Amino acid sequence: MANIKIFALGGLGENGKNMYVVEVDNHIFILDAGIKYPDIDMYGVDAVIADISYLVKNKERIEGVFISHGHEDHINALPYLLKQIPTRIYGTHFTICLIENLLLNNKMDFKNYKLFRINENKILKFGNVNVSFFNTTHSIPESVAISINTSDGSIVYCTDFIFGPTNYGKYQTSFDKITDLGKGHVLAVLAESIGAGTINRIKNDSLLEHSYKNILVNSQGRIIVSTYSSDLSRIQKIINMSVAKGRKIAIIGRNAKKIIDIAIDSNYLSIPKERLINLEPFEDAKFQRLDNDLVIIVTGVRNEPYNHLVKMALGEDHYVKFVPTDKVIVMSPPLPGTEKNAIDSLNTLYRYDVDIEIFDKTILRSSHADKEDLKLLYAMLKPTFIVPIKGEYRHMYEQYLVAKDAGYQDDDILLLDNGEIVEFENGIITNRSLIATGDIFVDGSLLGNVNEEVIKKRETLSEEGVLILTINYDIRLRKVVSIPNVVTKGLSYNLPSDELNLKISQIARKIVENGLVKKSFDLEKIKTAIEEETLKLMLKLTKHRPVIICTLVDVSK
Ligand SMILES: [Zn+2]
């Protein structure tokens, strides 16, 4: 008999920042630690991660972070987490290779951290709880599902998977392991929801193969293919088919190349060495490589594949400039949040003299479970409870409908929000409670965080511009020594400038001089007062509120 808690710190009701937690008595097991990409109006925010203060508070009880696969929405919050909680990380060989690279990119020596390579034949013991794994099929090699096995049954975390045919060993599902688990008691399954609403998804690569082979046969010049770097299985497919037709391969995409290099180095991606071309950067496009047998794979994350293609069309890329004999295949269907950029990019591409073909979701195989995949998973594992995870609320609701369709009752399908804890005693739900969760914004490297206030300021900057005020004073003479200087940037309206400048200068001079006569000269207070008064004046005269920055320079130093 165990006390079990299941909850999410991120990943429910959203796309990304996956982080789920299972507590069994005194043991805490963390499942994945990913990022979410920011919304378009989060100025300067590079990533959003989950608030982990609950974990920090309870860090003595944490057994480790168990990673399902190496995609950013599952691993990229690890540098941040490890800085606060230096716990153990468990993942397959390829996943750990990617995590090592991620830590290096964040200036963290991975040798200082406890990274453990697991495989599906390993069983990890933590008191009377053990953790096991089974291989799943996804778009990146060595993806696994994680099973936390307790005296009251197993909790199976199965995210990002499909049941589909694949010839590649590193992508194969271990059906035997799943059915074995199903023979025992599965208390709950945490399964992804993103694809739950899709029916009749493309189950295999035959349409892709057929369409791409046609192009290989008919194309007289270079073939340029855009794809996401996370889609290693698709990249492999393109390479295999191209090489089989005697073509050479070049790969574009600086960041993505690192992942691909790791994949090549560790034999997860194979390209015959003699077929791999390293494109040299050029100043003048007439020196670019135009070999007719060249296939250029343009990779990256999020918007990068599209942005590369646009640069190539505009002649701004240093490796490739489109020529009329090029065939461009867009094999990177937009992701949630990237639709606008994708459409804008395509509109640009169509203006150029280049032959474009789009492979969309009617041709490309999805790498996320659809309705049938989920039903098959339920049938094999026979869980008592189903917890829809990973996805917006509408996706989670779609999975609720799938579970209903599979015969589950409302009480057995647990639609949760981030921070909502379901507690089991003896396999029965006894309590529901809440813990604080939220978003942490990450700016640039993972070292500096930004908060709502900073975002707000950036939003104002982009909409209203900035007014910068510099005042020189002499602390020894206790006076302002030059007329305050006003500079504006990005203001979208006309300033009645001379009059306004004069007024602002007068206000600033008065505040500084009032401050200077006081015994204790409080620089911060004076700055804030000037900024507030100037803003009031701007609002009165222009009806706008730009960001006001005041700098006070002591010229006596
Ligand atoms: Zn994934």
Side-chain angles (χ1 to χ4, degrees), residues 69-71 93-94 97-98 101 137-143 162 164-172 202 204-280 289-301 304-305 308-309 312 319-320 326-333 357-360 363-367:
H69 66 292
H71 280 158
H93 175 71
F94 186 63
C97 287
L98 295 178
N101 180 52
T137 305
H138 188 38
S139 54
I140 189 165
E142 294 189 346
S143 293
I162 50 164
T166 170
N167 298 325
Y168 304 125
K170 309 282 188 206
Y171 294 89
Q172 258 163 12
I202 305 293
N204 54 46
D205 286 328
S206 63
L207 266 173
L208 163 69
E209 284 172 22
H210 178 76
S211 313
Y212 186 65
K213 259 185 202 154
N214 255 338
I215 290 170
L216 278 170
V217 170
N218 295 318
S219 212
Q220 303 303 319
R222 301 188 299 186
I223 296 175
I224 297 160
V225 183
S226 79
T227 179
Y228 295 111
S229 48
S230 54
D231 247 332
L232 283 176
S233 64
R234 189 168 297 149
I235 294 173
Q236 181 75 68
K237 187 124 265 173
I238 301 300
I239 291 170
N240 290 354
M241 286 192 284
S242 308
V243 168
K245 280 274 177 271
R247 291 220 173 213
K248 291 182 299 224
I249 309 285
I251 294 170
I252 296 270
R254 195 167 47 90
N255 296 331
K257 229 173 159 282
K258 188 73 205 160
I259 296 179
I260 288 166
D261 286 347
I262 292 173
I264 293 173
D265 286 350
S266 43
N267 284 329
Y268 289 89
L269 200 60
S270 59
I271 309 180
K273 264 210 171 69
E274 67 284 2
R275 294 296 180 85
L276 188 63
I277 301 273
N278 238 339
L279 293 182
E280 297 293 330
R289 289 197 62 160
L290 287 170
D291 319 27
N292 284 340
D293 59 350
L294 197 54
V295 171
I296 300 168
I297 303 178
V298 181
T299 68
V301 298
E304 284 171 2
H308 278 305
L309 291 181
M312 289 170 181
Y319 297 90
V320 180
D326 287 339
K327 174 87 185 175
V328 178
I329 311 169
V330 179
M331 236 185 256
S332 41
E357 196 159 325
I358 296 173
F359 281 20
D360 61 13
I363 295 180
L364 302 172
R365 180 170 78 149
S366 160
S367 49

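Only a predicted model underlies this, so the values are computations on that prediction, with no experimental measurement involved. One is the number of the first residue; the rest follow in order along the sequence.
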For F94 and A263, which heavy atoms make the closest approach, and how far apart are they? CE1-CA, 3.8 Å

About how many Å separate CG of L294 and CG of L279, when rounded to the nearest 0.5 Å? 6.0 Å

Run through V330, I297, I329 and flag the one making a side chain to side chain contact (heavy atoms under 4.5 Å, CB included) with T227. I297

When rounded to the nearest 0.5 angstrom, what is the spacing between CD in Q172 and OG1 in T137? 7.0 Å

Show every side-chain hydrogen bond (donor to acceptor under 3.5 Å, both in side chains) that has at least one partner inside residues 240-252, sequence neighbours left out. Y168-N240, Y212-S242, Q236-N240, K248-D291, K248-D293

With a 4.5 Å limit on heavy-atom distance, are the side chains of K327 and N218 in contact? no

Residues two or more places apart in sequence or in another chain: which of them pass side chain to side chain contact (heavy atoms under 4.5 Å, CB included) with L290? R222, Q288, V323

Which heavy-atom pair separates P141 from L232 by the least distance, and what is that distance? CD-CD1, 3.7 Å

Who passes side chain to side chain contact (heavy atoms under 4.5 Å, CB included) against K213, sequence neighbours left out? M241

Rounding to 0.5 Å, atoms SG (C97) and CG (D261) come to a distance of 12.5 Å

For Y228, check ring pair (Phe, Tyr, Trp, His ring centres under 6.0 Å) against everything at least two apart and list the hits. none

Within this structure, what is the CD-OH distance for the pair E280 and Y319, rounded to the nearest 0.5 Å? 8.0 Å

So do the side chains of V298 and V320 get within less than 4.5 Å of each other, counting heavy atoms only? no

If you compare all heavy atoms of S266 against all heavy atoms of H93, which two are closest, and at what distance to 0.1 Å? CB-NE2, 4.4 Å

The criterion is salt bridge (Lys or Arg N to Asp or Glu O under 4.0 Å); which residues satisfy it with D205, sequence neighbours excluded? K237, R365

Would you say the side chain of M312 lies within less than 4.5 Å of the side chain of D326, judging by non-hydrogen atoms? no

With side-chain contact (heavy atoms from CB on, under 4.5 Å) as the criterion, how do K170 and Y268 come out once you've worked through the C-alpha distance, each side chain's angles and the decisive distance to 0.1 Å? CA-CA 8 Å; K170 309 282 188 206; Y268 289 89; 3.5 Å; yes

Distance (rounded to the nearest 0.5 Å) between S332 OG and I358 CD1: 9.0 Å

Shortest non-hydrogen contact from I162 toward S367: CG2-C, 3.6 Å

Applying side chain to side chain contact (heavy atoms under 4.5 Å, CB included) between I249 and each of I238, I277, V243, report the one that passes. V243

Take S230 and V301, measure what side-chain contact (heavy atoms from CB on, under 4.5 Å) needs, and give me the verdict at the end. CA-CA 7 Å; S230 54; V301 298; over 6 Å; no

Hey, what do you get for CD1 (I252) to CD (E304), rounding to the nearest 0.5 Å? 12.5 Å

Any non-hydrogen side-chain atom of H71 less than 4.5 Å from a side-chain atom of S139? yes

Could you pull out all residues at least two apart from S143 that satisfy side chain to side chain contact (heavy atoms under 4.5 Å, CB included)? H69, T136, H138, I140

